[in-house]
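Notes to accompany the following structure.
All ligand and atom numbering here is 1-based and tracks the order in the structure. Both backbone and side-chain heavy atoms feed into the values below; hydrogens, waters and symmetry mates do not. What you see is a predicted model; the values in this text were computed from it and never measured.
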Amino acid sequence: MPSADRSTAPTRFAYLGPEGTFAEAALRILVTSPGATDGAPGGEDRPAASIAAALAAVRAGECAAALVPLENSVEGSVPATMDGLVGGAPLVVTREVFLEVAFVLAVRPGVTLADVRTVASHPHALAQTRGRLAGLLPAAEVVPTASTADAARRVADGEHDAAVCAAIAAERYGLSTLATDLADHPGAVTRFVLVERPGALPAPTGADKTTVTAVVPDRTGALLDLLTEFAVRGISLTRIESRPTRERLGVYSFSIDCEGHVADARVGDALAALHRLSAEVRFLGSYPRADALPGKPVAERVEDAAFAEAQAWLARVREGAAG
Ligand SMILES: O=C(O)C(=O)C[C@]1(C(=O)O)C=C[C@@H](O)C=C1
């Protein structure tokens with residue numbers, strides 16, 4: 001899948017580090033799953049200090065790809081990833097990975113709940129454990145960190161008293177566990193995406209997703225117009241959310257995932273229509289669904305064959321044949 005340009009990068013994958021993050025666990029799944037991409041064979045994986053740093057390493061050609069969190073089933077989207085993909089040099093998603101996340105409360109050996117004054121973690125992890133933390137540590141100060149493993153490392157260094165992190169991070173940094181299964185909603189899943197510089201697209205598998213962002217013009221019905229382009233072609237959306245464009249209040253960029261591959265006639269046709277409707281459309285990739293499910297049934301009238309037949313009919317009409 002990766003083009004020659006991509007595969008010459010010295011490092012295989014950048015991920016939100018340090019070692020022991022959920023992002024690293026997701027990367028292990030990615031490189032061992034069927035259809036795994038090699039990035040730069042023999043290369044190293046690089047823990048990055050932030051999502052922005054991971055994306056920057058790919059843009060600079062230092063890494064073949066970056067694995068970054070996009071959304072969580074409890075806490076919703078990860079703004080740093082959303083914004084990092086919309087701005088800057090183009091990047092595309094080539095794979096997605098789902099990871100069930102479970103949190104522990106980790107401390108230096110010998111530290112008890114009564115000793116904990118500060119508890120640190122990634123904001124998404126803190127939000128997913130808010131209720132349990134309030135019960136266990138009602139007086140503790142909650143401190144955001146760049147990642148869950150960053151919190152564990154800082155606890156090991158003595159900077160904070162407790163970390164909300166993965167069990168593997170507690171182990172990696174020599175911490176003890178005061179509580180397990182900290183999540184307020186057990187079974188939360190984080191969706192990670194592998195992003196690369198644009199190149200050859202992953203081939204359609206029949207169970208694909210496409211991601212696109214579009215700035216919606218400030219006029220009545222503009223969002224409905226945009227969504228109609230998917231609906232009339234029988235394309236099911238799997239995610240939609242808005243982010244501020246940072247230009248002014250009232251102008252938003254919509255980030256949309258839909259079923260299907262840009263190589264599918266109906267999806268390509270819808271994206272072309274979006275390009276006509278919006279001054280700023282960014283194609284963010286077509287890639288295999290992590291769950292490998294075929295998606296919603298597609299009506300015959302929007303199958304590739306129906307589009308091809310309609311194009312052939314139009315060509316005949318334009319040449320003067322009876323319609
Ligand atoms: O900090 C980590 O370990 C991450 O991989 C990031 C992240 C996120 O951004 O949501 C991933 C999964 C958990 O929901 C908490 C944090």
Under 4.0 Å from any heavy atom of [X], which atoms of ligand 1 are there?
X	result
N72	14 (O)
A23	5 (O)
S147	1 (O)

Handout entry: Proximity of T190 to ligand 1 by residue part, where a heavy atom lies under 4.0 Å
Key =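 Just the side chain.
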
Exercise for the section: Have a look at ligand 1 and work out which part of L16, if any, has a heavy atom under 4.0 Å from it: side chain, backbone, both or neither. Expected result: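 For L16, only side-chain atoms sit under 4.0 Å from ligand 1.
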
Problem - Audit row: K209, E96, side chain to side chain contact (heavy atoms under 4.5 Å, CB included) steps and yes/no - result: CA-CA 9 Å; K209 259 188 214 167; E96 66 172 3; 3.0 Å; yes

Handout entry: Cluster link L16 to V78, ILVMFWY, side chain under 4.5 Å
Key =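 As far as the 4.5 Å side-chain criterion goes, V78 and L16 are connected within one cluster.
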
Handout entry: P69, any N or O under 3.5 Å of ligand 1 N or O
Key =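 Among all N and O atoms of P69, none is under 3.5 Å from an N or O of ligand 1.
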
Problem - Nitrogen or oxygen atoms of F22 and ligand 1 under 3.5 Å apart - result: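 By distance alone, the answer is yes.
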
[atom]: nearest protein contact (heavy atom, Å):
atom	value
atom 10 (O) of ligand 1	H124 CB, 3.3 Å
atom 8 (C) of ligand 1	H122 CE1, 3.7 Å
atom 1 (O) of ligand 1	T148 N, 2.8 Å

Exercise for the section: Sorted by first residue and then second, give each salt bridge (charged side-chain N to carboxylate O under 4.0 Å, His left out) pair with at least one member in residues 278-291; sequence neighbours left out. Expected result: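 For residues 278-291, and leaving out neighbouring residues, the salt bridge (charged side-chain N to carboxylate O under 4.0 Å, His left out) pairs sorted by first residue read E259-R289, R289-D291.
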
Problem - Test salt bridge (Lys or Arg N to Asp or Glu O under 4.0 Å) applied to R117 - qualifying residues, sequence neighbours left out - result: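 So R117 forms no salt bridge (Lys or Arg N to Asp or Glu O under 4.0 Å) with any residue.
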
Exercise for the section: Report yes or no: does a heavy atom of Q128 sit under 4.0 Å from some atom of ligand 1? Expected result: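 Within the 4.0 Å threshold, so yes.
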
Exercise for the section: Can you establish whether the number of heavy atoms outside L249 located under 6.0 Å from its atom CG is more than 12? Expected result: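 Atom CG in L249 is not crowded, with 12 or fewer foreign heavy atoms closer than 6.0 Å.
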
Practice task
Tell me, yes or no, whether the heavy-atom count around R219 atom CZ, taken from other residues, nucleotides or ligands under 6.0 Å, exceeds 12.
Solution key: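 For R219, atom CZ is crowded (more than 12 foreign heavy atoms under 6.0 Å).
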
Practice task
May I ask you to check whether F22 and F103 place their ring centres under 6.0 Å from each other?
Solution key: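 Yes, the ring of F103 comes within the 6.0 Å limit of the ring of F22, centre to centre.
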
Problem - Residues R154, D150: salt bridge by 4.0 Å N-O rule - result: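 The answer is yes: the pair qualifies as a salt bridge.
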
